[in-house]
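Beneath this line is the structure, given in structure tokens, with notes to follow.
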Amino acid sequence: MSEVVLRGFGWRHAGRRNWAVRGVDLHIRSGERVLLLGPSGSGKSTLLAALAGLLPEDSGESEGTVTVGGRPGILFQDPQTQLVMARSGDDVAFGLENTGVRAADIWPRVSDALDRVGFAYPITRQTHALSGGEQQRLALAGILALRPGLLLLDEPTANLDPPGAELVREAIAKALDPDTTLIIVEHRVAEALPLVDRAVVLEPGGGVIADGAPEVIFAGHGPALAEQGVWVPGYPLPRFQAVSTPADHLVRAKHVTVRDRLPPISLAVSSGEVLAVTGPNGAGKSTMALVMGGLLAPASGRVTAFDDPKPPHRWRARLLAERIGSVFQSPEHQFVTSRVHDELALGPRRQGRSPAEVTRIADDLLSRLRLTSLAGANPHTLSGGEARRLSVATALATAPRLLVLDEPTFGQDRSTWIELVTLLATLRDEGHGILAVTHDDAFVTSLADRVHDLTPAEPLPRRNTSRFGPST
């Protein structure tokens, strides 16, 4: 049995004034499929972590009780937090080996799990060579191989292209035994609905505010939930047309490649425009973003920017930060301080701004991106959506002319999505150039002035399923 019971459950991270989640009373019967909804920061990820037993007593304060039946398996927003082995097959096998599965059963279960999530490579593929979306698929395979009684999924398709996301949803549907309990956090609400029979809505700091069949909840509370930030299907999003035509090129790539990671590409980004780069996982979009942002040297070809004779990857760090702001696919990879406010102050301080200017810039960004209440928090304790907004804010803090953003809307609720896209539209109309890698069709429709598709001419390599032994 995989029954879940929470009574008055609450959790507050160490050093925080506000509770991440509080007053949650919830009963989920064995075999139920539940979609957990709520605005960014309402405690959805914290609640999943509690059910998985991943909230150590010394890392915060708890109240109430949590009772979980059956073995839980959890997939986090960031797959890199749960990939532990160098080779893909070994990573999926790791959990099976550590839970005492018979040696003869391990590799057939590894192969089956990889097939079910549509993993495209041999079991010897290095995990560090995978794109973010591919790592997400691999991490899910590791969870499915364990056949947990309680399956906890924290935005399992967030970094996947649409075909890959559909494969994962199909894998989830096929993997569930009748008695397996599913709790899923997902901002792609419409796509997730076929997987569930119940929706539970959390309010920041206020517990459960709606619970029942999804269609009943959306019919009775749709406008109010959309206003609070829940992604209610069918509610339109604003469109942002540019106020002027693009001007001069800020950065241009000509026949640029990166060995084994990026095929030849040529593209340019101008001031006053948003260029969206789309394409399947593994096509090289994140690698392209690193090259265009001056954080990775191309193997061949040339990148020119700001009429500088030197390519961006040869600029000094301070000059690069003033000209180009980059946001990585994984937000925590760019956090270097222990307080949100300090993270925003770091760039302007290194530019030589006065203390008053530094404070003004940081406070303004905190306000514009709904992070003021988290100014004193450790960036690594933020929710996925909050961490994404902070990473965008750190890139904006030095006022660069060019922004290179890798999945900028990942993890956002409806309200923060609109605020973030509105801010980017304002920057574009002020003359900034924006290069955005994205799988978010709504972002492309609402904001993009041009789209560059990085879909490879040849299909991506498929996994060799002729052998089921260990990755030797």
Tell me which donor-acceptor pairs under 3.5 Å the side chains of residues 348-355 have, and how far apart each pair is, sequence neighbours excluded?
| residue | atom | partner | partner atom | Å |
| --- | --- | --- | --- | --- |
| Gln351 | NE2 | Thr398 | O | 3.3 |
| Ser354 | OG | Glu357 | N | 3.2 |
| Ser354 | OG | Glu357 | OE1 | 3.4 |

Exercise. Quick one: do the Thr394 and Glu343 side chains pair a donor with an acceptor below 3.5 Å?
Worked result: no
Problem set entry | Check: Asp453/Thr455 side-chain N/O donor and acceptor closer than 3.5 Å | yes
Exercise. Is there a donor in the side chain of Arg389 and an acceptor in the side chain of Gln412, or the other way round, less than 3.5 Å apart?
Worked result: yes
Problem set entry | Short side-chain donor-acceptor distance under 3.5 Å, Asp91 and Thr127 | no
For this session: Consider only side-chain N and O atoms of Asp364 and Ser367, and report whether a donor and an acceptor are under 3.5 Å apart.
Result: no
For this session: Determine, stepwise, if the pair Thr278 / Val444 fulfils side chain to side chain contact (heavy atoms under 4.5 Å, CB included).
Result: CA-CA 9 Å; Thr278 61; Val444 174; 4.2 Å; yes
Exercise. Taking only residues two or more places apart in sequence or in another chain, which ones pass side-chain contact (heavy atoms from CB on, under 4.5 Å) with His380?
Worked result: Glu332, Phe335, Asn378
Which pairs would a plain distance check flag for residues 291-307, meaning a side-chain donor or acceptor within less than 3.5 Å of a matching protein atom at least two apart in sequence or in another chain?
| residue | atom | partner | partner atom | Å |
| --- | --- | --- | --- | --- |
| Ser300 | OG | Thr257 | OG1 | 2.4 |
| Arg302 | NH2 | Pro309 | O | 2.8 |

Which atom pairs, donor and acceptor, lie under 3.5 Å between side-chain atoms of residues 264-271 and protein residues at least two apart or in another chain?
| residue | atom | partner | partner atom | Å |
| --- | --- | --- | --- | --- |
| Ser266 | OG | His255 | N | 2.8 |
| Ser270 | OG | His249 | ND1 | 2.9 |
| Ser271 | OG | Asp248 | OD1 | 3.0 |

Exercise. So which pairs with a foot in residues 266-290 pass salt bridge (Lys or Arg N to Asp or Glu O under 4.0 Å), sequence neighbours left out?
Worked result: Glu273-Arg450
Problem set entry | Qualifying side chain to side chain donor-acceptor pair (under 3.5 Å) pairs with a residue from residues 206-229, counting only residues at least two apart or across chains | Arg198-Asp211
